[in-house]
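Shown next, in structure tokens, is the structure this report addresses.
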Amino acid sequence: MSSASRYTYLGPEGTFTEAALRTLPEAATRELIPMVSVPVALDAVRNGEAAAAFVPIENSVEGGVTATLDELASGRPLMIYREVLLPIAFALLARPGTPLESIKTVTGHPVAQPQVRRWMAEHIPDALWESAASNADGARLVQEGRYDAAFAGEFAAATYGLEPLVTDIHDADNAATRFVLVGRPARPAAATGSDKTSVVFWLRDDHPGALLEVLQEFASRGVNMMRIESRPTGEGIGRYCFSVDCEGHLQDRRVGDVLMGLKRACEQVRYLGSYPRADGGHAPERPGTTDAEFVEAADWLTRCLDGRG
């Protein structure tokens, strides 16, 4: 297949990322290529080797996936086209015939550990945890005999010749991971009325109230921030950028006005895309923030300039 029909994803086979990717209708007609890391998956898109990459970006227990947030904030620009929410429950996978009481070493992705910590303390308190590159890679390491068991999706058992000793493991109810489909920058799809916009911004300088001044760009226009996280820029202690998801679409006047405000107030702003919300939620339009009210205000200003106010 050509690169236009190729999607990369955080591999190896059997990851939650692959399971989430396969929920997309177009996945059935794409060549799905597992990659060893988020940066490698995204670089394949930057280099024209793939049309898009599918990577995790946020977990309901652990928060943002730092590898993805940092990659989207640096390097050649990329854009989010879609998101997927996948409920997460783990299975404890082991080689056939392994009894639960013999488990002394376990592995899995670092994000998995906080989601199974209490279960481990109750059921396998003496087991030593060591992190793997992904949950599926942990299953592969168990297959090779390097660990006794791995926390991974139950669907990974068949791929690696393992069996689930215990299923539906999760310390937090309703745990979910959010994944995004990322491609090269292009015109965003039309607004659906249930959308999310993502940006990264860098403060112009560090002074009292600097972040508050930027956040007021959202508040004064009635745009709700769904997530905000700071990430170090690598330029020294105290130097951070801020990754934000907000309700609405770039085509919404209030959202476009926020981004223009950020552009004026910040040293740098990187637009990461406007795309349909996976949860189908709708942002309420607060008084004074509808597109019609923005148009009316602009018309009034024009009349004032013409002496007709």
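Please read all numbers here as calculations on a predicted model, not as lab measurements. Residue numbers start at 1 and run along the sequence shown.
- Residues S60 and A175 share a closest heavy-atom pair of OG-CA, 3.4 Å.
- Among Y9, F54, F16, the single residue meeting the ring-ring contact (aromatic ring centres under 6.0 Å, His included) criterion with F179 is F54.
- Neither I57 nor V61 shares a network with the other; the hydrophobic side chains, linked directly or stepwise wherever heavy atoms of I, L, V, M, F, W or Y lie under 4.5 Å apart, form separate groups for each.
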- Query: For R117 and E122, what are the C-alpha separation, side-chain angles and deciding distance, and is it a salt bridge (charged side-chain N to carboxylate O under 4.0 Å, His left out)?
  - Reply: CA-CA 9 Å; R117 185 182 293 124; E122 181 178 352; over 6 Å; no
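- Salt bridge E247/R277: present, at least one basic N to carboxylate O contact under 4.0 Å.
- For Y240, the ring-ring contact (aromatic ring centres under 6.0 Å, His included) test picks out no residue, with sequence neighbours left out.
- Of the possible polar contacts, none joining the T289 side chain to the V223 backbone as a donor-acceptor pair under 3.5 Å is found.
- The hydrophobic clustering, which links ILVMFWY residues whose side-chain heavy atoms are closer than 4.5 Å, places L162 and L165 apart.
- Residues N59 and T177 have side chains that bring a donor and an acceptor to within less than 3.5 angstrom of each other.
- The backbone N or O of P188 lies less than 3.5 Å from no partner atom in the side chain of S274, so there is not a single donor-acceptor pair.
- Under the 4.5 Å side-chain heavy-atom criterion for ILVMFWY residues, a single connected hydrophobic cluster contains both V199 and M225.
- No hydrogens or angles considered: a donor-acceptor pair under 3.5 Å links the side chains of E293 and T290.
- Put simply, OG1 on T197 and CG on L272 are 10.0 Å apart, with the number rounded to the nearest 0.5 Å.
- Looking at T233, its side chain never comes within 3.5 Å of a backbone N or O of C241 through a donor-acceptor pair.
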- Item | Trace of the side-chain contact (heavy atoms from CB on, under 4.5 Å) decision for L72 with V182 | CA-CA 9 Å; L72 292 178; V182 179; 4.1 Å; yes
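- Panel note: side chain R146, backbone L141; no donor-acceptor pair is recorded below 3.5 Å.
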- Test side-chain contact (heavy atoms from CB on, under 4.5 Å) on R239 and W202 and set out the steps. CA-CA 9 Å; R239 296 288 294 170; W202 288 254; 5.8 Å; no
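- Closest non-hydrogen pair, M79 versus G273, comes out as CG-CA, 3.7 Å.
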- Determine, step by step, whether E83 and R178 satisfy the side-chain contact (heavy atoms from CB on, under 4.5 Å) criterion, reporting the C-alpha distance in whole Å, the side-chain angles of both residues, the deciding distance to 0.1 Å, and the verdict. CA-CA 7 Å; E83 67 174 7; R178 174 177 162 237; 2.6 Å; yes
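- When the shell of 6.0 Å around CD of E296 is examined, it contains 12 or fewer heavy atoms from other residues, nucleotides or ligands.
- Of the possible donor and acceptor atoms, none in the side chain of T23 sits under 3.5 Å from a partner among the backbone N and O of A19.
- More than 12 heavy atoms of other residues, nucleotides or ligands shown are found within 6.0 angstrom of CG on N47.
- Salt bridge absent: D148 and K104 never bring a charged side-chain N and a carboxylate O closer than 4.0 Å.
- V258 is not connected to M226 by any chain of hydrophobic side-chain contacts under 4.5 Å among Ile, Leu, Val, Met, Phe, Trp and Tyr, and they are in different clusters.
- Summarising the geometry of L100 relative to W119, their closest heavy-atom pair is CD1-CH2, 4.4 Å, with the distance given to 0.1 Å.
- Shown here is N174, whose CG atom has no more than 12 heavy atoms of other residues, nucleotides or ligands within 6.0 Å.
- Judged by distance alone, the side chain of T105 and the main-chain N or O of L128 form no donor-acceptor pair under 3.5 Å.
- Under the 4.5 Å side-chain heavy-atom criterion for Ile, Leu, Val, Met, Phe, Trp and Tyr, L211 and V200 are members of distinct hydrophobic clusters.
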- side-chain hydrogen bond (donor to acceptor under 3.5 Å, both in side chains) between Y7 and E31, intermediate numbers included: CA-CA 6 Å; Y7 283 0; E31 181 184 5; over 6 Å; no
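- In plain terms, the two heavy atoms of A136 and E13 that are nearest each other are CB-O, 3.3 Å.
- A salt bridge does not link R308 with D299: every distance from a Lys NZ or Arg NE/NH1/NH2 to an Asp or Glu carboxylate oxygen is 4.0 Å or more.
- Residues D137 and R140 are paired through a salt bridge, judged by an N-O separation under 4.0 Å between the basic side chain and the carboxylate.
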- Query: Does the pair Y275 and S198 meet the rule for a side-chain hydrogen bond (donor to acceptor under 3.5 Å, both in side chains), with working shown?
  - Reply: CA-CA 9 Å; Y275 46 92; S198 297; 2.6 Å; yes
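- Inter-residue side-chain proximity for M120 and P125 is flagged as unmet; no heavy-atom pair is nearer than 4.5 Å.
- If you check the side chains of S131 and W129, you find a donor sitting under 3.5 Å from an acceptor.
- Under the 3.5 Å distance criterion, the side-chain polar atoms of Q143 are left unmatched by any main-chain donor or acceptor of A139.
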- Item | Candidate pair V244 and F201, rule side-chain contact (heavy atoms from CB on, under 4.5 Å), full reasoning | CA-CA 8 Å; V244 170; F201 63 82; 3.6 Å; yes
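- Between D291 and R253 no salt bridge is recorded (no basic side-chain N to carboxylate O distance below 4.0 Å).
- The minimum heavy-atom distance between D171 and P114, with the atom names listed, is OD2-O, 3.8 Å.
- Closest approach of G14 and F155 over heavy atoms only: O-CE1, 3.1 Å.
- Counting heavy-atom neighbours within 6.0 Å of R22 CZ, excluding the residue itself, gives a total of 12 or less.
- Judged by distance alone, with hydrogens and angles left aside, the side-chain atoms of E58 form no donor-acceptor pair with the main-chain N or O of G64 at under 3.5 Å.
- Electrostatic pairing of R46 and E71 counts as a salt bridge here, judged by a charged N lying under 4.0 Å from a carboxylate O.
- In this structure, H170 contributes its side chain and F90 its backbone to no donor-acceptor pair below 3.5 Å.
- A salt bridge links E229 to R227: one of the charged nitrogens lies within less than 4.0 Å of a carboxylate oxygen.
- Using a cutoff of 4.0 Å between basic side-chain nitrogens and carboxylate oxygens, R254 and E285 are scored as salt-bridged.
- Counted within 6.0 Å of CZ on R204, heavy atoms from surrounding residues, nucleotides or ligands total more than 12; the atom is thus considered enclosed.
- No donor-acceptor pair under 3.5 Å is formed between the side chain of H249 and the backbone N or O of S194.
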